Every structure is written in structure tokens, then in C-alpha cells.
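Below is one structure, written out as C-alpha cells; comments come after it.
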Amino acid sequence: KEKKARSFPIGTVRLLDNKVTDDTWQEVQHWIEKHTKNCECIEAIGSGGNINKIHKNSNNKDGDPLTYQYLTDYYDYVSGFSYDERIRLLGFNPDRADVILYALTVFINAMKWSGAQVVHVPRIGLADGIIKTIYNETN
């Protein structure tokens, strides 16, 4: 199996500040489609506070992935609430209430462009996972 990785200047704060161009989105889409077009079964892995909060709100058991359909439905649901309502009614922290829709957009787009139908949400954070991998490789 060939592994490919690339980082793009897209994140929830950049999206919130309107600093992500259409060209950047197109570059991401092209890269994902190019590197997944010959893959038969694609499953995404999500890391970070936003996807962990989304998973927690789904009432899925730990280890159960979220589906593309769930994320799109959840986006539609959350987008019906104002910033203040997301805090007051949905229980989001203020620093999450303003970026949650952007986070959903990133995951939904990546899954749509790759054809992934599920996203796994490990409880371990990205940095912890990297440290664990390096530790396991050296011992």
C-alpha cells in the first residue's frame, strides 16, 4: 500500500477569518481525488477537538465511526442554530460554537472527494498518536 500525506493551509480558524481561497479548496480537492481514485475502500480518520465533540454528540459508542450521512445531517442541524444558540441550547463552548460548522465542512468535503463513507474518531490525539508510533517503532 502506498501512503501519501500532505498538509494544506485550511483549518477552522483560517476559515473563520475568511483566509482560505477557492483555489486552495480546489487544490485540496484535486489532491484528494488524484490520490484516492484507484482505491476501493476508503475510510477516513479524524483527529482533534471538533471531531471528538461531534462524535460525543452523536451518542455513538467509542470506536464506532461516524458516517458521511451523519456528518451532513448534523451540519444541517447545527447550521439551524445561531452562535448563541449553539452555546445555550447545544452546549458548545464559545471557542467551539464559532468553528464547528467549518470543521464539519472540512470533514464532509474530504470524505466527499475521497469517497469515504465513514470517519473513525480515535480518542487519542494526533500528537499522542505520533509519539506512541515513534515509541513503538524504537522499542
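For reference, positions follow the sequence shown, starting with 1. Because the structure is a prediction, the values reported are computed rather than measured.
Remark: Asp22 engages no residue in a salt bridge (charged side-chain N to carboxylate O under 4.0 Å, His left out) (not counting sequence neighbours). Under the side chain to side chain contact (heavy atoms under 4.5 Å, CB included) criterion, Lys112 pairs with Tyr68, Asn109, sequence neighbours left out. Evaluation of the salt bridge (charged side-chain N to carboxylate O under 4.0 Å, His left out) rule for Glu85 yields no partner, not counting sequence neighbours. Residues meeting the side-chain hydrogen bond (donor to acceptor under 3.5 Å, both in side chains) test with Tyr74, sequence neighbours left out: Asn57. Residues forming a side chain to side chain contact (heavy atoms under 4.5 Å, CB included) with Asp73 (at least two apart in sequence, or on another chain): Gln69. Qualifying side chain to side chain contact (heavy atoms under 4.5 Å, CB included) partners for Val118, counting only residues two or more places apart in sequence or in other chains: Glu43, Pro65, Thr67, His120.
Taking every heavy atom of both residues into account, Ala44 and Ala116 meet most closely at N-CB, 4.1 Å.
At most 12 heavy atoms of other shown residues, nucleotides or ligands fall within 6.0 angstrom of atom CD1 in Ile45.
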> Should Phe81 and Arg88 be marked as a side chain to side chain contact (heavy atoms under 4.5 Å, CB included) after you check the CA-CA gap, both sets of side-chain angles, and the distance that decides it?
Replying inline: CA-CA 10 Å; Phe81 293 88; Arg88 191 168 34 86; over 6 Å; no
* Any chance you could lay out the side chain to side chain contact (heavy atoms under 4.5 Å, CB included) test for Glu27 and Arg6, step after step, and finish with the verdict? => CA-CA 11 Å; Glu27 186 180 357; Arg6 180 156 173 215; 2.4 Å; yes
Would Leu15 and Val106 count as a side chain to side chain contact (heavy atoms under 4.5 Å, CB included) if you check the C-alpha gap in whole Å, the side-chain angles of each, and the deciding distance to 0.1 Å? CA-CA 10 Å; Leu15 288 165; Val106 170; 3.7 Å; yes
* To do: With side chain to side chain contact (heavy atoms under 4.5 Å, CB included) as the test, would you mind laying out the steps for Trp113 and Val28 before giving the verdict?
  => CA-CA 9 Å; Trp113 297 330; Val28 173; 3.8 Å; yes
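For the atom pair CG (Asp64) and CG (Asn59), the distance works out to 11.5 Å, reported to the nearest 0.5 Å. With rounding to the nearest 0.5 Å, the separation of CG in Leu71 from CG in Asp76 is 11.0 Å. Atom CD1 of Ile10 sits about 11.5 Å away from atom OG1 of Thr12, to the nearest 0.5 Å. Distance CD1/Ile108 to CG/Leu101: 9.0 Å, rounded to 0.5 Å. Taking CG of Asp84 as the reference point, atom CG of Leu90 lies at 11.5 Å (rounded to 0.5 Å). Rounding to the nearest 0.5 angstrom, the gap separating the CZ atom in Phe92 from the CD1 atom in Ile54 is 7.0 Å.
In the hydrophobic clustering of this structure, Leu104 groups with Tyr70; members are Ile, Leu, Val, Met, Phe, Trp, Tyr whose side-chain heavy atoms approach within less than 4.5 Å, directly or through other members.
Val121 has its side chain out of reach of Phe107: every pair of non-hydrogen atoms, C-beta onward, lies at least 4.5 Å apart.
With Arg86 contributing its side chain and Ala97 its backbone, the two residues share a donor-acceptor pair below 3.5 Å.
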